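The next block holds one structure in the form of structure tokens; read it before the comments.
All figures in this text were calculated on a predicted structure; none of them were measured in a lab.
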Amino acid sequence: MPRLSEVIAALDSLWPPERAEDWDAVGTVCGDPDQEVTRVLFAVDPVQDIVDEAVKLGADLLVTHHPLYLRGTTTVAATSFKGRVVHTLIKNDIALHVAHTNADRADPGVSDALAGALDLRVVRPLVPDPTDPDGRRGLGRVCELDHPLTVRELAARAAERLPATAQGIRVAGDPEALVRTVVVSGGSGDSLFDDVRAAGADAFLTADLRHHPASEARAHSPLALLDAAHWATEWPWCELAAAQLDEISDRHGWGLRVHVSKTVTDPWTAHAASHTDTSGAPN
């Protein structure tokens, strides 16, 4: 069985921590470098439900996309929910490792997994990583469809292929407009509108679109917007990452048992549809 330090070295080769954004908090949060690792769980969020799942599974390592302490802390007391997460992990000899924006920029990375889930052909990164001479790493992906779809059909495909959430898929734009080129970006994407327009895309699928940026984007161009749940756009990466670690385990003869959590950690739990009459606000 490999030691934790060996598995972390393998993960860092996939998602080098130095490629994370300066504000990010990636890497190993807790864990003994010398402990043996036999079972690994991948998930989006390091929340208590996921940690409890790791305990039940008998995992030695939990790998999440989102950081536990993005802005730092002065305490891990169990009186806070993040402190309870740390206590549960340490009491059960479970290490926690985070790959966030370094996984976003990777080749393949978070947006490649999202494109794959939607059966889109990746053409290039939306915002290339200037340190990559091959031009394959970077944020977002510019993609093409095998055959044109309407915005309505693309939204239906996203609703069918991505994990189910209370939000589903919100759409801004003409539902019957044809889409040939799609930009996808896992997680929050409304800082990328200028790049998306420059790419000449017909549609942009991402998450966490806010009112004003979305309204301004629609005023600039006929670009269709598809807004999915943040968690749903990043969950496909867990399956990709698990497959990558499986391949490394096979190559080294480690025999790791690698799992992907199917627990929905999207914070929204219900959705009440508005009336279809959009002629105006209520009197």
Side-chain angles (χ1 to χ4, degrees), residues 1-21 23-106 109-110 113 231 234-263 265:
M1 290 295 107
R3 294 179 301 164
L4 175 64
S5 59
E6 295 175 282
V7 179
I8 295 303
L11 298 181
D12 283 347
S13 72
L14 295 173
W15 317 297
E18 63 270 18
R19 292 184 187 153
E21 297 283 355
W23 51 263
D24 206 359
V26 302
T28 305
V29 178
C30 64
D32 181 349
D34 291 325
Q35 76 181 70
E36 287 190 343
V37 176
T38 61
R39 197 181 294 268
V40 182
L41 178 65
F42 282 86
V44 175
D45 296 302
V47 294
Q48 191 66 45
D49 284 350
I50 296 298
V51 172
D52 291 343
E53 181 180 348
V55 172
K56 185 176 181 180
L57 185 66
D60 309 292
L61 171 61
L62 171 62
V63 181
T64 65
H65 182 50
H66 288 154
L68 178 64
Y69 289 108
L70 184 58
R71 293 175 178 84
T73 187
T74 58
T75 177
V76 293
T79 49
S80 67
F81 82 88
K82 292 187 178 185
R84 286 198 302 275
V85 164
V86 173
H87 277 251
T88 305
L89 289 167
I90 293 175
K91 282 182 178 179
N92 290 277
D93 293 322
I94 302 172
L96 173 62
H97 187 79
V98 173
H100 192 211
T101 53
N102 48 333
D104 290 332
R105 292 171 176 264
V110 172
W231 171 84
E234 294 179 330
W235 184 85
W237 171 80
C238 295
E239 290 195 321
L240 169 65
Q244 289 177 287
L245 182 57
D246 257 334
E247 191 276 329
I248 292 171
S249 173
D250 289 345
R251 192 189 326 145
H252 291 287
W254 287 346
L256 291 177
R257 286 163 286 182
V258 182
H259 305 262
V260 175
S261 173
K262 292 181 169 58
T263 301
T265 54

*asked:* I'd like to know if the side chain of Gln35 reaches the main chain of Asp93, judged simply by a donor and an acceptor atom lying under 3.5 Å from each other, with no hydrogens or angles considered.
replied: yes
Take the angle between the ring planes of His252 and Trp254 and call it parallel below 30°, perpendicular above 60°, tilted in between.
parallel
Looking only at the side chains, is there a donor atom on one of Asp49 and Thr263 sitting less than 3.5 Å from an acceptor on the other?
no
**Prompt:** Can you tell me if Ser249 uses its side chain to pair, donor with acceptor, with the backbone of Leu256 under 3.5 Å?
**Reply:** yes
Hits for salt bridge (Lys or Arg N to Asp or Glu O under 4.0 Å) against Glu239, two or more places apart or cross-chain, chain-then-number order -> none
### Message
Which label fits Trp237 and His65: parallel for a plane angle under 30°, tilted from 30 to 60°, or perpendicular past 60°?
### Response
tilted
| task | Using modelled atom types only, decide if a donor and an acceptor are shared between the side chain of Thr28 and the backbone of His97 within a distance under 3.5 Å. | result | no
May I ask you to test the His66-Pro46 pair for a side-chain heavy-atom distance under 4.5 Å?
yes
Discussion item. Less than 4.0 angstrom from a charged side-chain N to a carboxylate O is my criterion; do Arg3 and Asp34 meet it?
Written reply: yes
Report task. Mind running side chain to side chain contact (heavy atoms under 4.5 Å, CB included) on Val40 and His259 for me, showing each step along the way? Result -> CA-CA 6 Å; Val40 182; His259 305 262; over 6 Å; no
Given the options Thr64, Asp24, Leu62, Val98 meets side chain to side chain contact (heavy atoms under 4.5 Å, CB included) only with Thr64
Point to revise | Ala20 backbone acceptor or donor facing Trp15 side chain under 3.5 Å | key: no
Expected output: side-chain Ser80 to main-chain Gly83 donor-acceptor under 3.5 Å:
yes
Check whether the side chains of Glu21 and His100 place a donor and an acceptor atom closer than 3.5 Å, and report yes or no. no
In this structure, CZ of Arg251 is separated from CG of Asp246 (nearest 0.5 Å) by 12.0 Å
- request: Please report the C-alpha distance between Val51 and Asn92 in whole Å, then the side-chain angles of each, then the deciding distance to 0.1 Å, and finally whether the side chain to side chain contact (heavy atoms under 4.5 Å, CB included) criterion is met.
  value: CA-CA 10 Å; Val51 172; Asn92 290 277; over 6 Å; no
To the nearest 0.5 Å, atom OG1 of Thr88 lies from atom CG of Asp52 at 6.0 Å
- Task: Compare all side-chain heavy atoms of Val76 with those of Tyr69 and state whether any distance is below 4.5 angstrom.
- Result: yes
- Sub-3.5 Å donor-acceptor pair from the side chain of Glu36 to the main-chain atoms of Leu4, do we have one? no
Item to complete: Carefully, step by step, assess Val26 and Leu70 under the rule side chain to side chain contact (heavy atoms under 4.5 Å, CB included).
Response: CA-CA 8 Å; Val26 302; Leu70 184 58; over 6 Å; no
Review point. Is it true that atom CZ of Arg71 has more than 12 heavy atoms of other residues, nucleotides or ligands lying nearer than 6.0 Å?
Key: no
